[in-house]
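Structure first, then comments.
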Amino acid sequence: MGALMVIFSLQPKQRRKMTDSVEDELELSAVRHRPEGLEQLEAQTRFSRKELQILYRGFKNECPSGVVNEETFKEIYSQFFPQGDASTYAHFLFNAFDTDHNGSVSFEDFVMGLSILLRGTVQEKLNWAFNLYDINKDGYITKEEMLDIMKAIYDMMGKCTYPMLKEETPRQHVEVFFQKMDKNKDGVVTIDEFIDCCQNDENIMRSMHLFESVL
């Protein structure tokens, strides 16, 4: 299911009998942030109510306040990549989930993004990926932004995964990707260029899927 799915998934020792009561599931008297009702989230995502219940309990267990800040997100995410340094990639990932850019990710933010990544259409997934690569959120991907993401991925995967990786390898990959994506050669990649190129280039899609477990 990918690393994101298990970040806040319920551990066996924490499982207990689920109740069908939305009110019981969202009893948050001791937390600051109260999520939307499960019925609303069920309508807005591709998760069933039971899946949302499981995700919510795991999220609440890790984040009793009802929201997760960047440092906590990094700590949790890094547990799944002990062979490398996941802090930089987790920073970019956190910013992609933090859709309102307020420095925290709520349960709604988390499941909305997760729904797209796990069960969205190709178009939806590519839109989300573009937002991830567009680090400064100005509507364009620059070569440096793409390089920053690629370096962060390689850092996270670690030398154990890529023991013979040369320092210039990420830049070489970016040069190839960017040349194909920037069709009008204006130095930036728009969302239309990004989606069109990804959908029509089998090699790029295969390369993107190489890292789907970390996206």
Side-chain angles (χ1 to χ4, degrees), residues 1-5 7 45-46 70 73-74 77-78 80-81 83-99 101 105 109-110 112-215:
M1 291 186 293
L4 283 173
M5 188 62 175
I7 289 177
T45 69
R46 291 179 171 87
E70 183 173 338
F73 186 89
K74 285 180 179 178
Y77 197 77
S78 294
F80 298 94
F81 300 93
Q83 74 276 18
D85 180 2
S87 59
T88 302
Y89 186 78
H91 164 73
F92 295 138
L93 196 61
F94 180 87
N95 285 342
F97 273 96
D98 180 16
T99 54
H101 310 301
V105 171
D109 294 331
F110 178 66
M112 292 291 283
L114 199 62
S115 176
I116 292 172
L117 292 171
L118 294 180
R119 296 173 184 175
T121 65
V122 171
Q123 179 87 15
E124 288 171 336
K125 290 179 179 180
L126 289 175
N127 279 329
W128 201 95
F130 181 88
N131 179 59
L132 173 68
Y133 279 84
D134 179 17
I135 295 173
N136 67 359
K137 313 305 178 193
D138 66 351
Y140 301 95
I141 299 174
T142 65
K143 189 179 295 184
E144 289 307 310
E145 284 177 320
M146 189 175 287
L147 181 60
D148 286 344
I149 296 288
M150 190 66 70
K151 283 181 177 178
I153 291 173
Y154 278 113
D155 286 345
M156 178 173 58
M157 303 308 285
K159 294 296 184 182
C160 295
T161 306
Y162 301 104
M164 303 303 292
L165 180 67
K166 296 181 180 179
E167 187 174 345
E168 66 271 17
T169 300
R171 183 173 290 277
Q172 291 172 344
H173 286 174
V174 167
E175 288 291 342
V176 173
F177 289 169
F178 205 86
Q179 184 176 2
K180 291 181 178 180
M181 290 182 179
D182 183 18
K183 293 185 177 181
N184 63 358
K185 308 304 178 188
D186 64 350
V188 295
V189 172
T190 65
I191 190 167
D192 289 337
E193 287 176 323
F194 181 82
I195 291 175
D196 181 66
C197 186
C198 288
Q199 287 181 326
N200 292 289
D201 192 304
E202 185 177 341
N203 291 327
I204 288 180
M205 288 299 287
R206 188 181 300 115
S207 296
M208 288 183 66
H209 289 323
L210 175 64
F211 298 112
E212 66 181 0
S213 64
V214 302
L215 288 173

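Nothing here was measured: the structure is a model prediction, and the numbers come from that model.
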Look at the side chain of Asn127 and the backbone N and O of Asn131, then say whether any donor-acceptor pair between them is shorter than 3.5 Å. no
Taking all non-hydrogen atoms of both residues into account, name the closest pair between Val105 and Phe97 and its distance. CG2-CB, 3.9 Å
Nearest non-hydrogen partners of Met146 and Ile141, listed with the distance: CE-CG2, 4.1 Å
Between atom OG1 of Thr88 and atom CG of Leu93, what is the distance when rounded to the nearest 0.5 Å? 12.5 Å
Going from CE on Met181 to NZ on Lys183, what distance comes out if it is rounded to the nearest 0.5 angstrom? 10.0 Å
Phe81 side chain near Asp155 side chain, heavy-atom distance below 4.5 Å: no
Just say parallel, tilted or perpendicular for the rings of Tyr77 and Phe73, cut-offs at 30° and 60°. parallel
What heavy-atom pair brings Ser115 and Arg46 nearest, and what distance separates the two atoms? OG-N, 2.9 Å
Could you tell me whether the side chain of Phe130 reaches within less than 4.5 Å of the side chain of Ile195, counting heavy atoms only? no
Between Asp182 and Phe178, is there a donor-acceptor pair closer than 3.5 Å when you use the side chain of the first and the backbone of the second? no
Which residues pass the side-chain hydrogen bond (donor to acceptor under 3.5 Å, both in side chains) test with Thr45, not counting sequence neighbours? none
Hydrogens and angles aside, do Ser87 and Asp85 bring a side-chain donor and acceptor to less than 3.5 Å of each other? yes
Is atom CZ of Phe92 surrounded by more than 12 heavy atoms (other residues, nucleotides or ligands) closer than 6.0 Å? yes
Worked check of side chain to side chain contact (heavy atoms under 4.5 Å, CB included) between Asn95 and Ile135: CA-CA 8 Å; Asn95 285 342; Ile135 295 173; 5.7 Å; no
Specify whether Tyr133 and Phe194 have parallel, tilted or perpendicular ring planes, treating 30° as the upper limit for parallel and 60° as the lower limit for perpendicular. tilted
Apply side chain to side chain contact (heavy atoms under 4.5 Å, CB included) to the pair Lys151 and Val174, showing each step before the final yes or no. CA-CA 10 Å; Lys151 283 181 177 178; Val174 167; over 6 Å; no
Might you confirm whether atom CD of Gln179 has over 12 heavy atoms from other residues, nucleotides or ligands at distances under 6.0 Å? no
Parallel, tilted or perpendicular: rings of His173 and Tyr154 (30°, 60°): tilted
If you round to the nearest 0.5 Å, how far is NZ of Lys125 from CG of Leu117? 8.0 Å
Could you tell me whether the side chain of Asp109 and the main chain of Asp98 form a donor-acceptor pair under 3.5 Å? no
With a 4.5 Å heavy-atom cut-off, do Val189 and Tyr140 have their side chains touching? no
Determine the minimum heavy-atom distance between Ala96 and Lys137, stating which atoms define it. CA-NZ, 4.4 Å
Does some side-chain heavy atom of Arg171 sit less than 4.5 Å from a side-chain heavy atom of Met150? no
Which atom of Asn184 lies closest to which atom of Glu193, heavy atoms considered: OD1-OE2, 3.1 Å
Give a yes or no on whether the backbone of Ala152 and the side-chain of Asp148 come within a donor-acceptor separation of less than 3.5 Å. no
Counting distance only, does the side-chain N/O of Glu145 pair as donor-acceptor with the main-chain N or O of Asn136 below 3.5 Å? yes
